[in-house]
Peer 1: 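Structure provided below as structure tokens; questions to follow.
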Amino acid sequence: MKTDPYQPNQGNLAYSVGVTLDRFIKLKQSDFPFASGELSQILRDIALASKIVNRETNRAGLSNIGGAFGQTNVQGEEQQKLDVIANIRFMRALSKGGEVCAIVSEEEDCVIDLQNNSGKYVVAIDPLDGSSNIDVNISIGTIFSIYRRKTPVGSPITTEDVMQPGNQQVAAGYVLYGSSTMLVYTTGFGVNGFTYEASLGEFFLSHPSIKAPETGKIYSINEGLELEWEAGVKSFVKDCKEKKYQSRYIGSLVADFHRNLLKGGIYLYPATFNNPSGKLRLLYEANALAFIIEQAGGKASDGENRILDIQPESLHQRTPLLIGSKHMVEEAEELFRISESEINTLSR
Ligand SMILES: O=P(O)(O)OC[C@H]1O[C@](O)(COP(=O)(O)O)[C@@H](O)[C@@H]1O
Ligand SMILES: [Mg+2]
Ligand SMILES: [Mg+2]
């Protein structure tokens, strides 16, 4: 019998390339004996909203949706029009179905309580990631995390429902609006990638069971911040240069993450003297990508702690992020530790 390289589990229809996202979600629902279809519906809603955002992104240069919106978000960042449009599109899609009771968004100061106490799920979302690249036609993305609420259905949502550590995620993913548009997600049973076929309006399975290479030769970090780096970061980047690794930095987290996930590599946005918590947000950037990289065999930490075990304390809290191939993240953590202890020894 001829083996099909793209069908790792012979006979498992779900994994055959070309299966639509819709069908894949339906087939994979059997992973959850008590599934009632609500999580599947949220994934479909996110896919639908991402198709609309994809359309807006593709024609951003033609219509007047490029450029700044003229307001700043809670982080003091200037919002781009597409940040706001994407936020509206995902809010609408997630509030329509009735499965979601609360949303945390980068573009919203507070938790959006959908006043839908029958909703079982909480969604945290970065509607448009890589905003600084929107107007210059460089890949951008969307990042999402899905949690089951902690308080009983029917009761009002509380902080407990929203401030859950990443290890409580039931699903997470991202959409990459690049040379092709892809949706990559996990529900805790591996990572799968789907490519959008705009003429058919469908996502098709193109990257089944993604595994991150255990090591790689790519490092991604904003070297413009070198003067603000701690000793450990400096020694890690020096080590990468001595090993003649390739420096690749797009400035869109989703795009840098996706490349390193497929090719092997590490993305670092460490603490700096001016930003001791780094730049990236725990609830709607780091947690989702950490769930995916771990499901693909990689690793994610803040230099010391596993990202997924960090207990959130505020909605828009930031965290240093080291994420990618397992061995590369471990090497970076080791160098951070050594530098830290050397500094402590010297300061005694
Ligand atoms: O310009 P910097 O400091 O390198 O930061 C780039 C990082 O900031 C981000 O743009 C932050 O995300 P948003 O665009 O969603 O605010 C990441 O996508 C990217 O990796
Ligand atoms: Mg972002
Ligand atoms: Mg954003």
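In each ligand, atom 1 is the first atom listed, and ligand 1 is the first ligand listed.
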Peer 1: Assess the pair F144 and Y284: is the distance between their ring centroids shorter than 6.0 Å?
Peer 2: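 Ring centroids of F144 and Y284 are no less than 6.0 Å from each other.
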
Peer 1: Kindly confirm whether the Mg ion (ligand 3) is within less than 2.8 Å of some N/O/S atom in L128?
Peer 2: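 Here the distance criterion (N, O or S atom, under 2.8 Å) is met by L128, so yes.
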
Peer 1: Is the distance from the Mg ion (ligand 2) to the nearest N/O/S atom of E106 under 2.8 Å?
Peer 2: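 No - counting backbone and side chain alike, E106 has no N, O or S atom under 2.8 Å.
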
Peer 1: With heavy-atom distances below 4.0 Å as the criterion, list the atoms of ligand 1 near S131.
Peer 2: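 Heavy-atom distances to S131 below 4.0 Å select 14 (O).
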
Peer 1: Would you say R281 contacts ligand 1, with heavy atoms under 4.0 Å as the rule?
Peer 2: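 Yes, that is the case, since the closest heavy atom of the residue is under 4.0 Å from the ligand.
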
Peer 1: Could you check whether the rings of F194 and Y185 sit parallel, tilted or perpendicular, using 30° and 60° as the cut-offs?
Peer 2: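 Judged by the thresholds at 30° and 60°, the geometry between F194 and Y185 is parallel.
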
Peer 1: Checking a contact table here: which protein heavy atom is nearest atom 5 (O) of ligand 1, and how many Å away?
Peer 2: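 That would be K279 NZ, 3.0 Å.
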
Peer 1: Among protein heavy atoms, which sits nearest to atom 19 (C) of ligand 1, and what does the distance come to when rounded to 0.1 Å?
Peer 2: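 Going by distance alone, atom 19 (C) of ligand 1 is nearest to G251 O, 3.3 Å.
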
Peer 1: Using 30° and 60° as the class limits, which term best fits the ring planes of Y249 and Y267: parallel, tilted or perpendicular?
Peer 2: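 Answer is parallel, since the angle falls under 30°.
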
Peer 1: Could you tell me whether some N/O pair between L253 and ligand 1 is separated by less than 3.5 angstrom?
Peer 2: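 L253 vs ligand 1: N/O contact under 3.5 Å present.
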
Peer 1: About how many Å separate CD of Q79 and CG of L128, when rounded to the nearest 0.5 Å?
Peer 2: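 It comes to 11.0 Å.
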
Peer 1: Regarding E294 and K326, does a basic nitrogen lie under 4.0 Å from an acidic carboxylate oxygen?
Peer 2: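 No, no charged N to carboxylate O under 4.0 Å.
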
Peer 1: Would you mind naming the N, O or S atom of D126 nearest to the Mg ion (ligand 3)?
Peer 2: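 The closest N, O or S atom of D126 to the Mg ion (ligand 3) is OD1.
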
